[in-house]
Amino acid sequence: MTVWTPLRLRDVTLPNRVWLSPMCQYSADADGTPTDWHLAHYGARAAGGLGMVMVECTAVAPDMRTTARDLGLWSEQQVAGHRRLVQVIETAGSVPALQLGVAGRKSSHGVPWDNAGTRSAIAPEDGGWQPLAPSAVPFAGLAVPREMTSADGTRVLEDLDRASRNAHRAGYRLLELHGANGYLFHQFLSPLANRRTDEWGGDLQARLRFPLEMVRALRSGWPQDKPLVVRLPAEDLLAGGLTTEDMTLVAEQLGANGADMVDLSSGGLVPEAGRLSEPLHNARYGPLFGKAGVFVAASGAVCEATHLGEAVPGLVDAVLVGRALLRDPYWALRDQGLEFWPRQYHRAF
């Protein structure tokens with residue numbers, strides 16, 4: 001087996017194990033619908049020899065966006081826009097996938113290139129909104145969130161169910177829940193963000209209750225023949241936070257509740273945690289999570305072609321590449337060889 005060997009997840013066969021990591025473009029229109037920028041951006045990467053193109057974090061509801069320029073998937077207009085995006089990705093030869101996002105307290109901030117960007121809260125009177133979270137604990141300089149009630153929880157689960165059904169209607173063949181980097185799923189899991197004393201707080205099993213409900217809500221709306229992935233923090237990288245031992249137990253529970261694969265990240269819950277930056281830093285957690293009974297992928301600092309052979313099969317089942325593919329949409333093709341380039345580009349060689 002190599003990184004170029006196909007991988008089958010449920011009834012979906014990925015032609016290889018090099019996939020585009022979901023990288024937010026902050027370029028949706030005012031209604032949260034994909035634009036021509038998305039068609040050009042994802043079409044170019046789909047033509048770049050990737051086994052799967054995962055479209056950026058797409059919000060399940062207006063108040064679960066990170067910014068007002070995030071993609072969404074709660075309206076018919078958005079479904080139609082995503083369907084066009086799916087068609088472009090498939091035409092270029094890749095498998096279309098989607099990451100769904102539930103931002104929680106990391107919501108209602110500016111886009112990265114404006115003002116203070118992701119550290120700049122946008123007030124409701126300026127087009128922002130009140131964030132929701134497990135506890136009224138803010139992220140960095142963002143607004144203090146409102147602690148979620150049981151009614152809020154029910155609505156979030158309904159949003160997830162609707163979004164997964166819409167993703168299927170749009171034609172996506174794989175779905176990922178963003179459960180890392182300080183999003184709502186991660187906020188519930190970590191004792192550093194979840195201060196609750198009810199049934200959703202306390203020890204790890206209690207903090208895991210609502211995240212598992214989120215996964216079950218997604219699976220209820222997502223066909224059984226299509227795979228479900230959860231982006232998961234391998235650890236919090238902070239004293240008193242989630243450990244790798246905690247997260248391997250979580251991965252086992254995810255598998256028992258309908259997830260087929262975990263996509264490993266790390267840190268991101270609070271700015272102080274930072275993120276590890278050495279090559280393949282998240283992939284190196286892979287062998288530990290492989291014992292949890294799920295497939296394992298990882299993203300983060302995969303920037304040289306030699307990293308692919310190091311990652312698969314030794315560490316993980318697949319790798320997600322982000323920044324390298326932003327710089328060069330044909331990064332993966334340069335490793336595969338000339339016979340894999342689109343035939344329309346034959347004159348280049």
With a cut-off of 3.5 Å and sequence neighbours excluded, list every side-chain donor-acceptor pair involving residues 306-320.
{"unit_1": "H307", "atom_1": "ND1", "unit_2": "C303", "atom_2": "N", "d": "3.2"}
{"unit_1": "H307", "atom_1": "ND1", "unit_2": "E304", "atom_2": "N", "d": "3.1"}
{"unit_1": "D317", "atom_1": "OD2", "unit_2": "V296", "atom_2": "N", "d": "2.8"}

Partners meeting salt bridge (Lys or Arg N to Asp or Glu O under 4.0 Å) with D263 (sequence neighbours left out):
R231

Applying salt bridge (Lys or Arg N to Asp or Glu O under 4.0 Å), name anything that partners D260, two or more places apart in sequence or on another chain.
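Per chain and number, D260 pairs via salt bridge (Lys or Arg N to Asp or Glu O under 4.0 Å) with R10, R219.
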
Among the clusters formed by ILVMFWY side chains lying less than 4.5 Å apart, do W19 and L232 turn up in the same one?
no

Test item: [X] and [Y] side chains (from C-beta on) under 4.5 Å apart, heavy atoms:
X	Y	value
M54	S21	no
L249	E252	yes
V250	L189	yes
M148	R196	yes

Are [X] and [Y] close enough that a side-chain donor and a side-chain acceptor fall under 3.5 Å?
X	Y	result
E56	Y42	yes
D29	T35	no
Q77	T33	yes
R216	N257	yes
N166	H82	no

Reference residue R173; test side-chain contact (heavy atoms from CB on, under 4.5 Å); the match among V95, I89, L14:
V95

Taking R165's backbone N and O only, do any of them form a donor-acceptor pair with H168's side chain (distance below 3.5 Å, no angle check)?
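Flag not set: sc H168 to bb R165 has no pair under 3.5 Å.
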
Under 3.5 Å, is there a donor-acceptor pair between the side chain of K226 and the main chain of L9?
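Pair absent, no side-chain N/O of K226 close to backbone of L9.
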
Minimum heavy-atom separation for A332 to V18, with atom names?
CB-CG1, 4.2 Å

Let me check something: any side-chain donor-acceptor pairs from residues 342-349 under 3.5 Å, sequence neighbours excluded? List them with distances.
{"unit_1": "Y345", "atom_1": "OH", "unit_2": "Y330", "atom_2": "OH", "d": "3.4"}
{"unit_1": "H346", "atom_1": "ND1", "unit_2": "R343", "atom_2": "O", "d": "3.1"}

Give every donor-acceptor pair under 3.5 Å between a side-chain atom in residues 121-136 and any protein atom, sequence neighbours left out.
{"unit_1": "W129", "atom_1": "NE1", "unit_2": "D63", "atom_2": "O", "d": "3.3"}
{"unit_1": "W129", "atom_1": "NE1", "unit_2": "S107", "atom_2": "OG", "d": "2.5"}
{"unit_1": "Q130", "atom_1": "NE2", "unit_2": "V144", "atom_2": "O", "d": "2.9"}
{"unit_1": "S135", "atom_1": "OG", "unit_2": "R195", "atom_2": "N", "d": "2.8"}

For the residue pair W200 and F210, categorise the inter-ring angle as parallel (less than 30°), tilted (30 to 60°) or perpendicular (more than 60°).
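Plane angle between 30° and 60°, so tilted.
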
Are the charged groups of [X] and [Y] less than 4.0 angstrom apart, N to O?
X	Y	value
D203	R207	no
E76	R83	no
D152	R146	yes

So does E199 have more than 12 non-hydrogen atoms from other groups sitting under 6.0 Å from CD?
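Yes, the 6.0 Å shell around CD holds more than 12 heavy atoms from other groups.
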
Contact list for residues 217-265, test ring pair (Phe, Tyr, Trp, His ring centres under 6.0 Å), sequence neighbours left out:
none

